[in-house]
Amino acid sequence: DAGITQSPRHKVTETGTPVTLRCHQTENHRYMYWYRQDPGHGLRLIHYSYGVKDTDKGEVSDGYSVSRSKTEDFLLTLESATSSQTSVYFCAISESIPSGPYGDTQYFGPGTRLTVL
Amino acid sequence: DQQVKQNSPSLSVQEGRISILNCDYTNSMFDYFLWYKKYPAEGPTFLISISSIKDKNEDGRFTVFLNKSAKHLSLHIVPSQPGDSAVYFCAASGANAGNMLTFGGGTRLMVKP
């Protein structure tokens, strides 16, 4: 199994509070991703990183920010959590871009279940 | 507007029979397709993939078929086993479609002993 951990694994918070989720990898992979999983929507990309301090937006980036100050850590921050951000959040890593037959497989962490009341 | 759709949210199959999971896409720029499998309380794991230059890829009990003209792919599991019970996500990507993976909504497969 790829060495990916997420913390916390579960969190309950209140609307309007800031929340930070952490993803840590031991594989030294260049690419890191944050997804959210919601019923009927599958996995949707929030933000991704292609190197230290290099990040870009995904499909559902509004209300989220990210930071990557070290290769192994990728943080997802909800500046002011809302109930619509209640979801399961997955971190993923890959050595290179996932696209195409020569692209790299994405490996996923175990997920963080976030509930915003 | 979802570019990758799995229209069956769930599927129930008897052990030993064939499971067929379907996926449709709308973006003609997609040229690489993948299936991921997810057990409860775990992250998705890669299962099998296919490039748009092929119409079939096989790996043991798992076969993925691609019909580009219909923008449709399917995953066949033969024979199905109880351990195959999971949620299956199809995903698509393309160098001209942003390179990132776009996932379908998932299909929950239940294989009954």
Side-chain angles (χ1 to χ4, degrees), chain A residues 1-7 9-10 21 23-25 27 29-50 55-61 87-113, chain B residues 1-10 21-25 27 29-55 57 59 64 66 86-108:
Chain A
D1 289 346
I4 311 169
T5 56
Q6 293 185 231
S7 58
R9 294 293 313 277
H10 301 271
L21 308 183
C23 177
H24 178 78
Q25 61 146 329
E27 306 297 320
H29 282 0
R30 179 183 172 192
Y31 283 77
M32 298 185 76
Y33 314 81
W34 277 108
Y35 289 89
R36 59 179 289 174
Q37 183 198 356
D38 304 290
H41 290 279
L43 294 149
R44 291 180 291 175
L45 183 65
I46 304 171
H47 282 280
Y48 68 97
S49 168
Y50 47 95
T55 64
D56 206 347
K57 295 179 180 180
E59 179 188 358
V60 289
S61 59
S87 186
V88 180
Y89 291 85
F90 288 99
C91 173
I93 66 173
S94 65
E95 199 157 343
S96 64
I97 59 169
S99 177
Y102 304 107
D104 195 45
T105 301
Q106 283 190 9
Y107 298 95
F108 285 81
T112 294
R113 182 173 294 277
Chain B
D1 186 31
Q2 286 188 298
Q3 298 186 68
V4 179
K5 290 185 180 180
Q6 295 175 254
N7 291 318
S8 298
S10 64
L21 293 89
N22 295 303
C23 179
D24 296 298
Y25 62 96
N27 190 336
M29 293 296 194
F30 289 145
D31 59 9
Y32 192 58
F33 304 89
L34 310 89
W35 285 93
Y36 276 79
K37 177 179 179 179
K38 184 185 177 306
Y39 292 118
E42 295 183 9
T45 56
F46 170 74
L47 189 57
I48 192 169
S49 63
I50 187 167
S51 167
S52 60
I53 61 174
K54 296 185 176 182
D55 54 18
N57 188 28
D59 183 2
V64 56
L66 176 62
V87 177
Y88 290 78
F89 293 101
C90 69
S93 71
N96 293 327
N99 287 317
M100 295 297 121
L101 297 183
T102 300
F103 285 84
T107 296
R108 182 178 301 278

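Lettering of chains follows the sequences in order, A, B, ..., and the numbering in each one begins at 1.
Using a 4.5 Å cut-off between heavy atoms, B/Ala41 contacts chain A through its backbone alone, with no side-chain atom that close. For B/Pro9, no part sits under 4.5 Å from any heavy atom of chain A, backbone or side chain. Contact annotation for A/Leu43: both backbone and side-chain heavy atoms come within less than 4.5 Å of a heavy atom of chain B. Heavy-atom distances place no part of A/Gln6 under 4.5 Å from chain B, backbone and side chain included. When heavy atoms are compared at a cutoff of 4.5 Å, A/Arg113 does not approach chain B at all.
When all heavy atoms of B/Glu42 and A/Phe90 are compared, the pair lying nearest together is O-CE2, 3.7 Å.
A 4.5 Å side-chain heavy-atom check between A/Tyr35 and B/Leu101 finds at least one atom pair inside the cut-off. When side chains are defined from C-beta on, A/Phe108 does not count as touching B/Lys38, because their heavy atoms never get closer than 4.5 Å.
Counting heavy-atom pairs closer than 4.5 Å to chain A, the top-ranked of the candidates B/Phe103, B/Phe89, B/Phe46, B/Phe33 is B/Phe103. The candidate from A/Gly111, A/Cys91, A/Ala92, A/Gly40 with the greatest count of non-hydrogen atom pairs under 4.5 Å with chain B is A/Gly40.
Formation of a donor-acceptor pair under 3.5 Å by the B/Tyr36 side chain with backbone atoms of A/Gln106 is found in this model.
A/Glu59 contributes atom CD, which lies 8.5 Å from atom CD of B/Gln2 (distance to the nearest 0.5 angstrom).
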